[in-house]
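Since this is a predicted model, take the numbers as computed values, not measurements.
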Amino acid sequence: MSIVIVDLAVGTIISPSDAAGITKAAADAGVTAIRVLDGAPGQALDASVIASYLAGTDAALWSDLGWILEASTSHNAPTNLARRSNSFDRATGGRAALALRAGDGDEVSDPVAPKPGSDRSARWDEHAQILKGLWTSFPPAALVGDQDGEVFAEHTLIKPLDFEGDYYRVAGPLDGPTSPQGGPLLLADDVDTLGWDVIARNADVVVVDRKAVPTADANLSAALARAGRRRESVALIVRVDVTEPEAVAATLPALVAEHGLDGVELVAAGGKDDVLTLIADVLPALAPSTGATLRSAFSLTPSA
C-alpha cells in the first residue's frame, strides 16, 4: 500500500461546493489525505478555513481521510499557526498535517526578532522547531477537567517552550492538549531551499519533485542518520503532475517501488473534472493506505 495525497486548490477554479464533491469521491476511493493549498492572497481561500469546512462534511466525518493544511512562514506567527493547526488536528481526531512552506517573516514576530533577515532555511528551521515544541507542550494527560474539584489541568505537566532564536521568541505553551497522534505531522517540500539536514531535523513527511527521485531516499537516509533519526520516522513522497491519468496509473507503482518511496502526491491538470478523473483512474492502481490517525496511515514510527 502507498500513501496517496491529492492536491486541492479552493478559491480559484475549484469552488467550495465542488471541493465538497471531490471530498466525497476521495473518501469513497480511500485517498490517504487531501492537501488543501494556500495560494497567494486573492488566489485561494485560507487552507485552515476550507479544510475545516470540508472535514465537517458527511463524507469526511465517517472516513479515515486525512488533511494537510498548507501555510507559509510569511505572515504566519508560529504561535498562531501552531494553535490553528493543533485545534484542527484535535477536531479531526489526529488526522492532520501542516505543510510549512519556506517564506519570510510576519507582522507579530519581526518587530521583536533579534536578527530579522532573509535566510529562509534558517527561518523555516526555527519556525518548525517552535511548532513541534508547542504541539507537545500540553500533553493529553495534563487535561483533568475535574469540575467538582475545580481543576482544569495539571499545570506541572504543561511545559513552556521559552524559545529564543534569531528570528523568533516564543514563550508558550499552547492552551489546549494534543490530539491522539501527538500533534499534526510536519511536511516539508522545498529541498533546494531548506537542505536535507534542516528537513531531517524537523519533518515527518518530505515531498520531492520527480527529478529528485533517483537520489532522494539515499539523501534523506543519510541526513536522518546525521540527525539521529530512523528512516522509518519520515515518509518520502513524490509529487506527480497528472496530465494523462491512465499513463500515470501504469507507471506510478513501479516508480514508488524502485526508488524506496512511501507514496505519491497527485496534482491534477485543471479543475473539478480533472481532479475527479485523477481519483477515478489513478487511485485503483495505488492501493492507498488509511488509518485511524494520519501518523498511522503514513506508517510512521517514533524518531528514536
So does [Y] get a backbone contact from the side chain of [X], meaning a donor-acceptor N/O pair under 3.5 Å?
| X | Y | answer |
| --- | --- | --- |
| Ser2 | Gly263 | no |
| Thr277 | Asp274 | no |
| Arg101 | Asp38 | yes |
| Asp262 | Ile237 | no |
| Asn86 | Pro177 | yes |

Would a hydrophobic clustering, with Ile, Leu, Val, Met, Phe, Trp and Tyr connected at side-chain separations under 4.5 Å, put [X] with [Y]?
| X | Y | result |
| --- | --- | --- |
| Tyr167 | Phe163 | yes |
| Leu54 | Leu276 | yes |
| Leu266 | Met1 | no |
| Ile22 | Tyr53 | yes |

So, for [X] and [Y], which heavy atoms are closest and what is the spacing to 0.1 Å?
| X | Y | value |
| --- | --- | --- |
| Pro78 | Leu134 | O-CD1, 4.3 Å |
| Ala29 | Ile279 | CB-CG2, 3.7 Å |
| Gly270 | Ile13 | C-CD1, 3.4 Å |
| Gly176 | Phe138 | O-CB, 3.3 Å |
| Leu37 | Ala9 | CD1-CB, 4.0 Å |
| Ser289 | Ala297 | OG-O, 2.9 Å |

(message) Taking side chain to side chain contact (heavy atoms under 4.5 Å, CB included) as the criterion, tell me which of Leu81, Leu187, Asp190 meets it with Leu100.
(response) Leu81
When rounded to the nearest 0.5 angstrom, what is the spacing between [atom1] in [X] and [atom2] in [Y]?
| X | Y | atom1 | atom2 | answer |
| --- | --- | --- | --- | --- |
| His127 | Ser72 | NE2 | OG | 8.0 Å |
| Ile130 | Ser109 | CD1 | OG | 7.0 Å |
| Thr23 | Leu8 | OG1 | CG | 6.5 Å |
| Ser63 | Asp58 | OG | CG | 10.5 Å |
| Asp110 | Tyr168 | CG | OH | 7.5 Å |
| Ile5 | Arg239 | CD1 | CZ | 9.0 Å |

Name all pairs fulfilling the salt bridge (Lys or Arg N to Asp or Glu O under 4.0 Å) condition that reach into [range], sequence neighbours left out, sorted by first residue then second.
| range | answer |
| --- | --- |
| residues 4-22 | Asp18-Lys272 |
| residues 83-98 | Arg83-Asp175 |
| residues 23-37 | Lys24-Asp28, Arg35-Glu70, Arg35-Asp189, Arg35-Glu265 |
| residues 126-139 | Lys132-Asp204 |

(message) The criterion is ring-ring contact (aromatic ring centres under 6.0 Å, His included); which residues satisfy it with Phe298, sequence neighbours excluded?
(response) none
(request) Applying side chain to side chain donor-acceptor pair (under 3.5 Å), name anything that partners Asp217, two or more places apart in sequence or on another chain. (result) Arg231
(request) Please list, chain by chain and in numerical order, all residues satisfying side chain to side chain donor-acceptor pair (under 3.5 Å) with Ser296, sequence neighbours excluded. (result) Thr293
(message) Determine whether Asp106 and Thr73 satisfy the following criterion, side chain to side chain contact (heavy atoms under 4.5 Å, CB included), listing intermediate values before the conclusion.
(response) CA-CA 7 Å; Asp106 63 86; Thr73 63; over 6 Å; no
Taking side-chain contact (heavy atoms from CB on, under 4.5 Å) as the test, write out the residues that go with [X], two or more places apart.
| X | result |
| --- | --- |
| Asp241 | Val267 |
| Asp125 | Gln129, Val198, Arg201, Asn202 |
| Phe88 | Ala51, Ser52, Ala55, Trp67, Leu69, Thr92, Ala96 |
| Val213 | Val208, Val238, Leu255, His259, Leu261 |

(request) Step by step, work out the side chain to side chain contact (heavy atoms under 4.5 Å, CB included) result for Trp135 and Leu186. (result) CA-CA 11 Å; Trp135 287 334; Leu186 185 66; 4.2 Å; yes
(request) Answer yes or no: does atom CD of Glu107 have more than 12 heavy-atom neighbours from other residues, nucleotides or ligands under 6.0 Å? (result) yes
(message) List the residues meeting salt bridge (charged side-chain N to carboxylate O under 4.0 Å, His left out) with Asp197, not counting sequence neighbours, and say none if there are none.
(response) Arg226
